[in-house]
Every structure is written in C-alpha cells, then in structure tokens.
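Only heavy atoms go into these numbers, but all of them, side chains included; no hydrogens, no water, no symmetry mates. Numbers restart at 1 for each chain; the letters A, B, ... are given by sequence-line order, proteins then strands.
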Amino acid sequence: MADFNTMELMISIAARELENGASVGVGTGAPCAAAMLAQKTASPDLVIMFEAGGIRPRLPEMPISVGDSRTFYKASMAGSMGDAMEACSRGFVDYTFLGGAQIDIYGNLNSTVIGDHKKPKVRFPGSGGANDFASFCWKMMVMTPQNTKRFVEKLDFLTTPGWLEGGNSRMESGLPEGTGPYKIITDMAIMDFEPESKRMRVISIHPGHSFENVQENCGFQLLKAGHIEQTAPPTDEELRLLREEIDPYRYVIGR
Amino acid sequence: MADFNTMELMISIAARELENGASVGVGTGAPCAAAMLAQKTASPDLVIMFEAGGIRPRLPEMPISVGDSRTFYKASMAGSMGDAMEACSRGFVDYTFLGGAQIDIYGNLNSTVIGDHKKPKVRFPGSGGANDFASFCWKMMVMTPQNTKRFVEKLDFLTTPGWLEGGNSRMESGLPEGTGPYKIITDMAIMDFEPESKRMRVISIHPGHSFENVQENCGFQLLKAGHIEQTAPPTDEELRLLREEIDPYRYVIGR
Amino acid sequence: MNTVEAGQGVLFTDPDPDKARQFFRTKNRKMIRKVMELKDAIEKFVHDGDYLAIGGFGANRTPMAACHEIVRQGRKNMGFAGHTATHDMEVLSAGEVYNRLDVAYVIGLEARGLSACSRKYVESGKVEVTEWTNYSLTARLKAAAMGVPFVPTRNVMGTDTFKESASKIVECPYTGKKVVLMPALYPDVSVIHVHECDVYGNARFKGIAVSDIDLANATKRLIITTERLVNHDEIARDPSSTRIPYFLVDAVCEVPFGAYPGTMPYEYFSDEVHLKEWLAVEKDPDEFKAFLQKNIFGCKDHEGYIAVNGGAKKMRDLRAKELLLSREV
Amino acid sequence: MNTVEAGQGVLFTDPDPDKARQFFRTKNRKMIRKVMELKDAIEKFVHDGDYLAIGGFGANRTPMAACHEIVRQGRKNMGFAGHTATHDMEVLSAGEVYNRLDVAYVIGLEARGLSACSRKYVESGKVEVTEWTNYSLTARLKAAAMGVPFVPTRNVMGTDTFKESASKIVECPYTGKKVVLMPALYPDVSVIHVHECDVYGNARFKGIAVSDIDLANATKRLIITTERLVNHDEIARDPSSTRIPYFLVDAVCEVPFGAYPGTMPYEYFSDEVHLKEWLAVEKDPDEFKAFLQKNIFGCKDHEGYIAVNGGAKKMRDLRAKELLLSREV
C-alpha cells in the first residue's frame with residue numbers, strides 16, 4: 001500500500017463519488033482537486049461549474065480563486081454568477097462539495113462565527129456561495145478533517161443548511177424538494193444520513209481506523225450502518241495524478 | 001404656409017415635445033419618425049431606446065420592426081428586452097409615444113379588443129410593450145387621429161394605463177410614482193390633463209380647427225385650458241427632413 | 001402572502017419550480033453530439049399539446065424554418081407564447097397549431113400591418129387567450145430561469161390587461177407598495193435561431209438578445225437552429241461570447257437562412273416583398289391555400305422554400321440590404 | 001403579503017424603487033465625455049458615509065487602483081457590499097473605510113488564507129454586520145436592476161444566515177411554497193474595472209461577468225476604470241459586445257493594470273508573491289504600517305504602486321503567466 005497523507009486520502013475518496021456525466025459546483029482547494037481527479041479517472045465527462053460564472057472549463061491547473069482565469073479556460077461559457085447559481089436553482093447541478101469550521105449531526109455547517117454573532121470570538125468568511133450550493137444542488141457533500149472541535153453537538157452559527165433539525169424539517173423549511181446532505185468524507189470515515197431521522201451514520205471506515213476511534217473524534221453520537229465498509233485507500237494511479245498532474249506544487253495536498 | 005398632411009403635422013408637433021438630452025422609448029412608425037425628426041432639429045442628443053434591446057442607435061433609416069437591425073445600428077448597446085425595459089422600470093426613460101384603437105378621457109388606451117374579451121368582435125395585437133412603457137416611463141404621450149370612434153366615453157378594454165379613473169387613482173394603483181400621461185397630440189389639437197381631476201384638456205388647436213370642431217370629434221367632454229394656443233404648423237425645414245431624410249418612401253407620412 | 005387582487009386569466013403552464021427541477025434533473029449533462037436534421041428535431045421534441053415558445057422578436061432572428069416544419073408536420077393543440085409573435089404567429093396560425101395563447105403582441109406584423117389569417121383564427125373561438133405584455137412575458141421567463149415561482153414587476157396594475165392575465169397583485173413587505181407577481185413560465189419546448197453553434201449546442205449570436213437567454217434557461221427542451229456550425233475549439237477560444245451553454249440544448253440543426261423571410265442581423269434583411277405577399281394572399285382563402293401549398297406543404301425543407309422564393313440571388317440581395325451596401329459608393 | 005418569518009439583520013440601504021427612480025431621473029442621458037483622473041473621480045463621486053460596492057470577484061477584475069485611492073483619500077463610515085470581497089476588502093479594512101458590512105464572503109482570500117487585518121477590524125466591534133450569501137447579494141442587485149423592491153430566491157431558509165439577514169420568508173400565492181424575498185440593493189456608488197471603454201462610458205470586458213451587469217444597473221453612481229480607452233467607433237461597430245451602456249456611468253478613468261495585484265483575464269495573472277506579502281505583514285502592526293506607507297500612502301497613484309512592485313518587468317511576467325506562455329515550447 002502506497003504512502004499517503006489524509007488530504008490525499010480524502011480527495012481520492014471524494015473523487016470516486018462523482019460519477020461520469022454528473023455536474024458539480026465546486027470551490028477552490030480540495031473540492032476542486034477531487035473534481036479534477038474524477039475527470040482524470042472514472043468520470044471524464046464530469047461537468048464542473050464555478051459560482052462566479054465559469055461553466056465547464058478545461059482546467060489547465062488548480063485555480064487559486066473561484067473566479068480566476070483558470071475557471072473559464074477553454075470553457076463552454078464564461079457567464080455570470082447569476083448564470084451559474086440559477087442553473088443550480090433550476091436543478092441542473094447534481095453535487096457540491098463544501099467544508100466549514102463546524103458540522104453537526106444533521107450535516108449543517110458553520111463558516112460564519114465562533115461565539116455570539118453580535119460580538120464574535122472568531123469571525124470566519126461567512127457563507128460565500130456555500131449556502132446557495134447546499135440549498136440548490138441535489139446532493140451536498142462535505143470533506144473535512146474530523147475532531148471534536150469540528151464535529152459538534154451544537155453549531156455556534158448555522159451558516160449552511162444540512163438536514164436542519166432532522167426528520168422532515170428541511171423539506172418543511174421551504175428549501176427545494178429532494179435536496180440535502182449526501183455524504184460526509186473525513187480523514188477517518190465516510191458517513192451518510194439515516195433516511196428517517198437524518199442523523200449522521202458511519203458507512204465506511206478508512207484503513208487504520210475503527211468505529212470507536214471515529215466516535216472519539218466526534219462531538220455527537222454517530223449512528224452505525226448495518227454493514228460498515230472498509231474504505232479502499234488511494235490507488236497508486238490516483239496518487240500519481242494528484243501529485244504530478246493536479247497539484248504539483250502541493251497547494252492542497254501539502255496542507 | 002407649406003402644404004402638409006395630418007401625419008406630417010402630428011409628427012412635427014410631437015418632435016417638438018422631445019427636448020434635447022431626454023430619453024424616449026419608441027415603437028416603429030410615427031413615434032419613431034417624431035424622435036428622428038427631433039434629433040435632426042432641436043434635440044441632437046435625444047436618446048432613443050427600443051424595447052427589444054436597441055439602445056441609442058444611430059438610425060440609418062426608419063426601422064420596419066422594433067427589433068430589426070436598424071434599431072441597433074451603430075448603437076451604444078445591442079442589449080436584451082430586459083436591459084431596455086428594466087432601464088425604463090428604474091426611471092431612466094423620460095418619454096414614450098403610444099397609440100391605440102381607443103382612448104378615454106383619462107388617457108387610457110385600448111389596443112386589445114372591441115367587444116367582449118372572451119368573444120371579441122375585433123381582436124387587436126394587445127399591449128406589446130405599450131403597457132410597460134406607459135407604466136414605467138415618466139411621461140407618456142399619444143399621437144392619434146381624432147374622431148368619436150377613437151375618443152370614447154368608455155373603453156372596450158383598458159390595455160394601457162393613463163390616469164386610470166382620474167384623481168389619485170393611478171398613484172393608488174401601485175404604478176410607479178410620478179408617472180402618467182402628459183400630452184395627447186391629434187390631427188386637430190394638443191391636449192394635456194387637468195392636474196386635479198386628470199381629465200383631458202385642450203391646450204392648443206391646430207391651424208384650421210376650432211374648439212367646437214375638436215369637441216365634435218371627441219366622444220367625451222373636453223376641458224379647456226385658461227389660455228388655448230394656436231399650434232404652429234410644420235416648418236419647411238421639418239417637412240423637408242421628414243420627406244427627404246426620414247421617410248423618403250413615405251411609409252409613415254404617406255398613410 | 002395576501003393577494004390584493006388576482007387576474008382571472010388561465011395559467012397554461014405550471015409555475016412550480018420543484019416540478020421543473022425534477023425535469024431538469026433528468027437532462028443529460030454530458031457534452032454529446034446533438035446535430036440532427038430539423039425535421040427529426042421537430043418530430044422528436046415538439047409534441048401535440050406541448051407549450052411552445054419561439055426565440056427572436058417579430059420577424060428578427062426568428063426560427064422561421066422551424067415554424068414551417070412544425071406546420072408541415074401538422075402539430076395541433078399546442079400552447080403558444082405570443083411574445084411579439086408576428087410572422088412566426090402568422091405561420092403557426094395558418095397551421096392552426098395552437099389553441100392556448102399567452103398574448104403580449106399577436107396578429108400584427110408591426111409597421112407592415114395585420115395578418116388576416118392570425119386574426120381570424122384568434123377571433124374564431126378556437127383559441128383560449130390570456131393577456132400579458134412584452135415585459136410581463138420576459139419577467140415570467142426570468143422567474144423560470146431563476147428557478148423561482150414568480151418575480152415582481154410594476155406594470156399592468158389598474159388595467160384590464162392585468163384582469164385578463166393570471167398574475168396577482170400583492171403588497172411588498174418592505175415598502176408597503178403594491179407589486180404584481182408574474183408567475184414563472186416554463187415552456188415545454190422552444191426553438192431559437194443563432195449565428196453560430198457547435199455540435200454540442202454551445203451557441204452564440206450577435207445583435208439584440210431579446211429574451212432568448214432567459215428563454216433558453218426556462219424551457220424544458222430546446223432546439224437550436226444555426227446559420228452555421230462551428231468547431232468547438234472556436235467556442236472554447238472565446239467562452240465570453242457563448243450566449244447559450246450546451247447543457248440547455250437538445251438538438252442542433254444547421255439551417256442556413258433559417259430566419260428567412262425575417263431578418264438575421266449582420267447576415268440578411270427581411271424579404272419585405274414576400275412578407276407583403278403573405279399578408280395579401282391571406283385575404284382570399286383559396287389563394288392562401290395554394291400559397292401555403294407552394295411555400296410550406298410543397299417544400300421538402302427550408303432550402304426548398306428559399307428556392308421557390310428567389311434562391312441564392314435573393315439571398316445575396318437581402319445581404320446587401322442588411323449591410324446597407326448601396327450606400328457604399 | 002404575510003411575512004412568515006423576518007430576518008433580524010439591519011438593512012443598510014433603502015429598497016424603495018420609487019426613491020431610486022427619483023435619483024435615476026436626474027442622471028444625465030446625454031452621451032458626454034466623462035474621462036477624468038481616478039483621483040478626481042474618487043473625490044467627486046465617493047463620499048464619506050456612502051454605501052460602496054466593488055465589481056469583479058475576489059481578486060479578479062477587481063478595481064484595486066480605486067480601492068487604494070479610496071484609502072489614500074481617507075474615506076470613512078461607508079457601507080460596503082462584502083460580495084466575495086477578498087483583497088479589495090483587505091485594502092479597505094486597512095483604511096477602516098467602512099463601518100456597515102453586508103457579508104457574503106469576507107476576510108478570506110480564498111485558497112490564499114485569511115487576512116488578519118480584515119478579521120481584526122470586523123471583530124473589533126466597530127463594524128455592524130448583516131449576513132447574506134453570494135447569490136443573495138446577486139439577487140438583491142438584480143431586484144434593484146429590475147426596479148422592484150425584491151426578488152424571491154429559495155436559499156437560506158432554515159439557517160442562521162437567514163436570521164441575521166434582513167430578508168423575509170413569505171408564502172408563494174401560486175404554489176403555497178415558502179420563498180425568501182431578497183430586498184433590492186441600490187449602492188450609492190460602485191467601481192467596476194473593464195478591458196475597454198469609450199470616453200462616454202460604453203464599456204466591455206471579457207471573461208466572467210460575475211454580478212457586474214446587475215451592479216452597473218443597480219448603483220446610483222458608477223466609476224469605470226479601464227485598461228484602455230477605445231474609440232467610440234469601435235463600440236458602435238460591435239454594440240453586441242457592450243456590457244455596460246454609457247448612461248449608467250459617471251466617470252471613466254484609464255488605469256492600465258488597474259486590477260493589479262489581482263487577475264485581469266487575458267491580460268495579467270494575479271501577483272501571488274505580493275498578495276502573500278500582504279497577508280504576512282498584516283500580522284505585525286508596525287511592519288504593516290510601513291508596508292501601507294510604501295504601497296498606498298507613499299504612492300502618488302497606481303503607476304507608483306506598480307513601480308515599487310516590479311514595474312514593467314513584473315507586468316510582463318504576469319502577462320506570461322496569465323497566457324500560460326511557459327507551456328508553449
């Protein structure tokens with residue numbers, strides 16, 4: 001088994017979730033790396049969209065910004081934020097990959113503040129396009145390192161909607177029907193959501209980890225799928241693509 | 001005094017209402033001819049907009065359609081219907097010139113049906129952009145031949161808003177504040193609207209006509225301004241421009 | 001949301017964005033080759049009973065070849081967006097293609113006069129009519145493009161145009177002012193004519209956009225007719241010029257002079273003589289029948305139609321007119 | 001219109017379209033020459049207390065020269081639209097220019113990291129904050145561009161982002177579904193950087209539009225900075241390429257490399273070394289003060305700023321990077 005770091009592991013696992021012919025709204029960093037890796041492996045026809053207006057580029061390298069020139073290099077269209085976001089709102093975008101400072105049991109994310117909103121201990125960037133993507137795209141996924149500071153019982157601020165308060169609460173909120181969190185990929189495991197309660201549930205554990213160890217690094221009680229898989233580690237080819245073609249300067253995989 | 005027909009008369013009078021530096025939303029035909037004449041006389045900086053998206057063209061000849069190539073010939077922008085109409089909605093357009101099959105005492109227009117809407121005796125084209133222009137532009141003007149079939153007590157259908165039911169009814173309707181009919185130019189007279197009641201009022205009578213004769217050709221009671229002007233006839237230069245430069249094939253002035 | 005007043009017109013299409021999303025979810029996102037004959041595209045994507053919208057404005061950049069083919073194939077019982085529908089409407093009326101009509105501007109051909117055929121058909125009682133305005137229909141397409149059930153506008157209030165529409169007046173919760181909510185319009189199928197398109201459907205055009213970008217976004221199925229196909233490399237070289245991205249498009253049909261007898265900006269001007277002929281012959285039912293036989297039913301395709309109306313020589317003349325070449329001495 | 005739920009954030013601008021119309025009524029419609037020095041444009045059109053919005057996205061086609069000049073002239077107490085505001089926000093925070101902030105994305109520089117200066121200022125208690133999202137702010141500008149008090153969207157429901165916003169949830173009268181109404185945002189003044197503009201303000205750019213077209217329509221006053229002036233004849237030759245028509249524009253300032261140290265598509269890539277320097281020196285107040293003196297206060301203008309950061313040689317290198325010239329062997 002090849003040697004790899006947790007970022008390489010998460011990106012490789014994430015890439016496998018993006019089937020050929022699907023569309024995905026991504027930001028910079030790990031989500032973009034995962035989408036690029038998917039294109040170079042099983043999903044050459046994966047369609048990448050950037051919220052600033054870049055639609056189906058042929059990414060020549062990792063973009064630094066969601067709006068830099070690379071995001072519409074040899075694209076189908078260099079459109080507007082309206083063009084991109086409205087395509088999401090109309091149901092044209094299947095996946096999105098997000099992150100955040102905190103995540104809760106229902107897959108809700110915080111990227112706004114720690115502490116009180118009026119007088120925050122720590123201010124983060126805010127939603128950006130995350131709330132929009134999570135509201136509009138059919139399946140929202142999260143890629144994040146896992147620890148009890150991030151996986152919390154209660155968010156300081158609910159920036160981006162997951163299953164909200166679980167059960168039918170997301171559908172009742174008014175958000176588009178049929179949307180919601182799909183999978184959470186951490187450095188230890190893959191989680192989905194139990195269909196009724198919409199609580200987070202471990203479905204696959206990465207090499208070298210156990211359910212107990214995953215639970216220890218989570219601030220709330222995780223459900224267990226009936227059958228828990230063992231996550232396949234990155235292949236040599238995935239690692240080669242990531243290291244040589246996608247991120248040769250290790251902007252993302254070097255973090 | 002030069003010889004002229006009623007169309008030449010109306011267009012010449014209408015052109016004088018468009019001061020230099022104003023903006024006007026026009027259709028094809030007489031309104032467009034009036035705007036072109038204004039540009040060639042006192043208002044070289046008159047800005048013409050077409051609802052289909054042509055913004056400030058240098059009209060090389062009379063357009064046949066509100067969307068034909070002439071409407072954006074050497075224009076500032078060949079935009080969209082949204083671009084043009086939203087500029088009107090935001091208050092960027094000062095004037096519009098409209099017509100219709102029927103007009104009432106408050107300057108409301110019918111261009112939809114004669115008879116019942118469900119089973120019309122005569123079907124007309126409908127609003128097109130007329131309702132939009134009349135709702136959004138600051139000052140709506142009408143150019144129309146005058147007779148008792150057109151100037152009616154009650155419209156068969158209120159397609160395009162004038163002062164609605166008079167008084168404050170237009171403001172109460174929800175239409176943008178400060179908008180409304182400004183002047184009605186017929187082949188006999190110029191009318192404005194009495195500020196309180198918003199009823200139509202004769203302010204100027206064309207050569208060869210009298211108030212009595214104007215009233216005879218109107219299906220409702222006209223008010224009389226304190227002082228009624230005698231309309232100045234088209235000048236030789238206005239007629240020359242219309243006949244030689246603006247409408248050499250007499251598409252409009254030959255009607 | 002309290003409705004202050006509701007128009008009593010019939011809403012011919014469902015404004016529910018979740019239903020539209022369910023449909024858009026099924027559209028193929030792959031950049032696959034979509035080139036086909038116009039005949040096949042109309043057969044495959046335009047069905048009896050569908051709600052149809054047509055791009056362009058009046059007789060400008062309007063997909064006339066597609067309108068002819070729809071009539072030639074005898075489509076019936078369609079809904080139709082009369083969004084400054086002029087010569088397209090005239091042709092579709094000749095085929096009695098639609099029986100539900102959203103009106104902004106219909107029957108007329110602007111400065112050219114009124115179509116006796118369109119008028120007679122709309123007055124016949126066979127057509128259910130709801131009233132709108134040009135901007136109202138633009139706003140309805142914009143709402144659909146945004147994936148929301150309505151957008152507000154500030155026109156039509158106080159008029160019968162509102163009363164015979166299916167829009168609703170509400171009070172704005174921010175300002176207390178009245179606004180009209182225009183319900184989203186998701187056509188089942190639309191046709192848009194462009195200058196250039198690649199085999200995947202990435203399309204671009206020059207001149208006014210009218211409402212075609214919102215229309216392309218709003219419609220469930222979209223047929224592009226194009227003056228010419230271009231390489232995808234040409235699209236990729238200049239993605240800023242793409243007006244319609246491929247994933248909205250179901251069929252790409254190369255139809256030179258596809259807007260004839262209307263205007264295609266920078267390519268050819270409208271054939272005013274032929275358009276006047278249309279208006280004239282409509283007044284006599286027998287003459288009109290023969291005229292339709294000659295110009296639509298007797299033609300295999302648009303090339304045939306152009307052949308019986310002057311062919312290449314006529315197209316050269318219309319190009320010279322569009323480019324105002326006579327002014328260059 | 002019954003409000004199901006209302007956000008409790010402060011609305012910093014008035015969404016009333018009639019007040020905006022009164023202002024737009026006074027704007028000059030004549031196509032007059034508007035060329036002036038950036039210094040004069042900022043003096044004339046950007047006032048203490050105004051609500052400011054900046055075009056572009058992140059550090060891409062962002063009018064950085066204008067941001068520097070606003071700080072150099074010491075503007076204060078402004079409102080600011082934090083619409084993926086990255087390096088522009090960093091510069092404006094260094095000047096403590098604003099004290100009211102609409103947040104979609106702030107503080108960060110995307111993949112580059114977080115700005116200590118922006119963060120410290122926003123956490124200082126001196127800034128009143130209301131929460132939005134990127135699309136929410138786009139929709140707010142769209143509403144203003146349409147001349148209506150709001151447009152509906154389907155995001156943010158159920159979240160604290162909604163609760164700390166000034167938007168309202170209502171029930172759609174067509175579908176019974178909940179939608180959020182985003183109140184129109186009419187900025188007092190905005191700056192947009194473009195590739196080409198004529199002396200009257202007819203402007204065009206290449207690459208993604210972000211929200212700049214709606215912004216140009218929504219803003220009361222608009223300053224265009226342009227890489228280069230072009231003849232009006234060039235605009236008139238190809239009006240399909242005009243993105244911003246002259247009548248929206250108050251000042252036209254020719255500022256080559258006006259987006260530096262950000263990216264200008266097809267012209268130059270961002271100066272990542274210099275942007276990292278910004279992020280690094282912010283951690284030490286004294287160092288940062290000296291850095292600002294060198295790069296902003298000590299520079300007469302943008303040309304001076306570029307001169308202290310590598311001048312023409314640096315610009316050539318960034319152009320080569322933007323065009324990926326190293327890949328051409």
* Which value, rounded to the nearest 0.5 Å, describes the distance between C:L141 atom CG and C:L185 atom CG? -> 5.0 Å
Write out the donor-acceptor pairs between chain C and chain B under 3.5 angstrom, atom names and distance to 0.1.
residue, atom, partner, partner atom, Å
C:N60, ND2, B:S65, OG, 2.8
C:A104, O, B:S127, N, 3.3
C:A104, O, B:G128, N, 2.7
C:V106, N, B:P125, O, 3.0
C:E110, OE1, B:S65, OG, 3.4
C:E110, OE1, B:V66, N, 2.7
C:E110, OE2, B:S65, OG, 2.5
C:A111, O, B:R255, NH2, 3.3
C:R119, NE, B:R123, O, 2.9
C:R119, NH2, B:R123, O, 3.0
C:E123, OE2, B:R123, N, 2.7
C:E131, OE1, B:R123, NH2, 3.3
C:E131, OE2, B:H117, NE2, 2.7
C:E131, OE2, B:R123, NH1, 2.6
C:E131, OE2, B:R123, NH2, 3.2
C:T133, OG1, B:D132, OD1, 2.5
C:T133, OG1, B:D132, OD2, 3.2
C:N134, N, B:G128, O, 2.9
C:N134, ND2, B:E51, OE2, 2.5
C:Y135, N, B:D132, OD2, 2.8
C:N155, ND2, B:D132, OD1, 2.8
C:V156, N, B:N131, OD1, 3.0
C:D160, N, B:L158, O, 2.8
C:D160, OD2, B:L158, N, 2.6
C:T161, N, B:L158, O, 3.4
C:T161, OG1, B:T159, O, 2.6
C:E164, OE1, B:H117, ND1, 3.3
C:E164, OE1, B:K118, NZ, 3.3
C:K177, NZ, B:E177, OE2, 3.0
C:K178, NZ, B:E172, O, 2.9
C:A209, N, B:G79, O, 2.9
C:V210, O, B:M81, N, 3.1
C:K321, O, B:R70, NH2, 2.8
C:E322, O, B:R70, NH1, 3.0
C:E322, OE1, B:S69, OG, 2.8
C:E322, OE2, B:S69, OG, 2.8
C:R327, NH1, B:P60, O, 3.3
C:R327, NH2, B:P60, O, 2.9

* Could you pull out all residues at least two apart from B:A75 that satisfy side chain to side chain contact (heavy atoms under 4.5 Å, CB included)? => B:P57, B:F72, D:P239
* Any idea which of B:G67, B:P120, B:G126 has the most non-hydrogen atom pairs under 4.5 angstrom with chain C? -> B:G67
* **side chain to side chain contact (heavy atoms under 4.5 Å, CB included) involving B:A30 - partner list, sequence neighbours excluded** => B:M7, B:I11, B:M143, B:V252
* Nearest heavy-atom neighbours spanning B:A33 and B:L242 -> CB-CD2, 4.5 Å
* Evaluate the criterion side-chain contact (heavy atoms from CB on, under 4.5 Å) for residue pair B:F151 and B:M200; output intermediate values, then yes/no. => CA-CA 11 Å; B:F151 282 64; B:M200 204 182 284; 4.0 Å; yes
* B:I246 side, atom CD1; B:L241 side, atom CG - distance, nearest 0.5 Å -> 5.5 Å
* Asked: Where does C:V103 contact chain B at under 4.5 Å (heavy atoms): side chain, backbone, both or neither?
  -> side chain
* Asked: Is the shortest heavy-atom distance from the side chain of C:V106 to the side chain of B:P125 under 4.5 Å?
  -> no
* Structure fact -> Note: vs chain C, highest number of non-hydrogen pairs under 4.5 angstrom among B:I55, B:V113, B:V66 is B:V66
* **Proximity breakdown for C:V122 and chain B, heavy-atom pairs closer than 4.5 Å** => side chain
* Heavy atoms, side chains only, cut-off 4.5 Å: are B:V142 and B:F97 in contact? -> no
* Asked: With chain C, which of B:G54, B:G82, B:A130, B:G128 has the greatest number of heavy-atom pairs at distances under 4.5 Å?
  -> B:G128
* Could you check which of B:V122, B:I64, B:L155 has the highest count of heavy-atom pairs closer than 4.5 Å to chain C? => B:I64
* **side chain to side chain contact (heavy atoms under 4.5 Å, CB included) partners for C:A216, two or more places apart** => C:I192, C:L222, C:I244, C:L248
* Structure fact -> When the 4.5 angstrom heavy-atom criterion is applied to C:I208 and chain B, the contacting part is both
* Pick from B:P60, B:G129, B:C88, B:P63 with the largest number of heavy-atom pairs that fall under 4.5 Å of chain C -> B:P60
* Structure fact -> From the list C:I107, C:L114, C:V210, the residue making the most non-hydrogen contacts under 4.5 Å with chain B is C:V210
* Asked: With side chains defined as the heavy atoms from C-beta onward, is the minimum distance between B:V24 and B:V47 less than 4.5 Å?
  -> no
* Count the heavy atoms belonging to other residues, nucleotides or ligands that lie under 6.0 Å from CE of C:M315, then report whether that count exceeds 12. => yes
* Structure fact -> Per-residue tally against chain C (heavy atom, under 4.5 Å) across B:G79, B:A134, B:G53 peaks at B:G79
* Using a cut-off of under 4.5 Å for heavy-atom pairs, which of C:G56, C:A111, C:G108 has the most such pairs with chain B? -> C:A111
* Could you look at B:F136 and say if it's the side chain, the backbone, both or neither that has a heavy atom under 4.5 Å from chain C? => side chain
* Output, in order, the C-alpha distance, side-chain angles, deciding distance and verdict of side-chain contact (heavy atoms from CB on, under 4.5 Å) for B:F133 and B:V26. => CA-CA 9 Å; B:F133 274 151; B:V26 300; over 6 Å; no
* **Region of B:L164 in contact with chain C, defined by heavy-atom distances below 4.5 Å** => side chain
* To do: Against chain B, label C:F269 side chain, backbone, both or neither, depending on which of its atoms sit under 4.5 Å from a heavy atom there.
  => side chain
* Asked: Given side chains that start at C-beta, do those of C:I54 and C:C67 come closer than 4.5 Å, heavy atoms only?
  -> yes
